[in-house]
Amino acid sequence: MNKHFEDARYYLKRAGKTATKGVKEELEPVEERFRELTGKEVEPEPSRLEAVKADLKELQGKAEGEAEEALADARRKIGEYRGKEEPEA
């Protein structure tokens with residue numbers, strides 16, 4: 001019996017997606033006409049590639065910041081180490 005419910009759920013989900021596509025397709029001319037009358041333009045959604053590029057830029061910035069912090073920490077430790085050595089005459 002569970003298999004029947006799984007099948008029914010699958011087909012209902014598929015029917016819902018198909019209906020959604022159909023409604024969007026039917027309303028597309030109405031939306032275009034509305035935008036013409038109101039003067040509003042469609043804002044393009046960022047493509048997947050653009051989203052990935054933005055994420056990579058953010059990661060690059062974080063990595064650069066962490067690298068700078070690590071270098072500063074290493075320089076500080078080296079300075080402390082050298083400061084503890086006996087000065088050469």
Side-chain angles (χ1 to χ4, degrees):
M1 192 68 165
N2 277 340
K3 182 67 176 164
H4 297 292
F5 288 121
E6 289 175 14
D7 289 347
R9 189 175 70 195
Y10 166 79
Y11 286 112
L12 282 171
K13 185 177 177 182
R14 187 170 166 191
K17 286 182 180 180
T18 304
T20 302
K21 279 175 83 175
V23 169
K24 284 182 182 179
E25 208 171 281
E26 287 295 316
L27 291 178
E28 201 171 275
V30 175
E31 180 187 11
E32 287 176 14
R33 179 75 176 133
F34 174 79
R35 291 195 183 281
E36 284 176 14
L37 293 173
T38 59
K40 292 186 179 181
E41 295 184 16
V42 178
E43 294 179 14
E45 294 182 19
S47 69
R48 187 172 181 170
L49 178 61
E50 290 171 347
V52 170
K53 283 182 179 179
D55 290 344
L56 288 175
K57 274 280 195 203
E58 183 180 334
L59 288 173
Q60 179 183 4
K62 286 181 182 179
E64 288 173 355
E66 290 175 5
E68 288 173 2
E69 288 177 17
L71 282 172
D73 189 43
R75 287 183 179 129
R76 181 185 53 80
K77 288 180 180 178
I78 290 171
E80 289 175 0
Y81 177 77
R82 287 182 178 167
K84 289 182 182 178
E85 291 180 359
E86 292 182 22
E88 295 180 19

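Because the structure is a prediction, the values reported are computed rather than measured.
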Handout entry: Note, L49 side chain near K53 side chain (heavy atom, < 4.5 Å)
Key = yes

Handout entry: Heavy atoms from other residues, nucleotides or ligands near CZ of R9 exceed 12 (cutoff 6.0 Å)
Key = no

Problem - Within 6.0 angstrom of E25 CD, more than 12 heavy atoms from elsewhere - result: no

Exercise for the section: Might you work through the side chain to side chain contact (heavy atoms under 4.5 Å, CB included) test for D73 and E69, ending with a clear yes or no? Expected result: CA-CA 6 Å; D73 189 43; E69 288 177 17; over 6 Å; no

Practice task
May I ask you to decide whether E31 forms a salt bridge with R35, counting only side-chain N to carboxylate O separations under 4.0 Å?
Solution key: yes

Handout entry: Audit row: K21, K17, side chain to side chain contact (heavy atoms under 4.5 Å, CB included) steps and yes/no
Key = CA-CA 6 Å; K21 279 175 83 175; K17 286 182 180 180; 5.8 Å; no

Fill in the blank from the handout: Only one of K77, R82, R76 passes side chain to side chain donor-acceptor pair (under 3.5 Å) with E80, and that residue is R76

Practice task
State the CG-NE2 distance between N2 and H4, to the nearest 0.5 angstrom.
Solution key: 9.5 Å

Fill in the blank from the handout: Output for pair (K13 NZ, T18 OG1), nearest 0.5 Å, gives 12.0 Å

Practice task
Begin from the C-alpha positions of E58 and K62 and carry the test salt bridge (Lys or Arg N to Asp or Glu O under 4.0 Å) through to its verdict.
Solution key: CA-CA 6 Å; E58 183 180 334; K62 286 181 182 179; 3.6 Å; yes

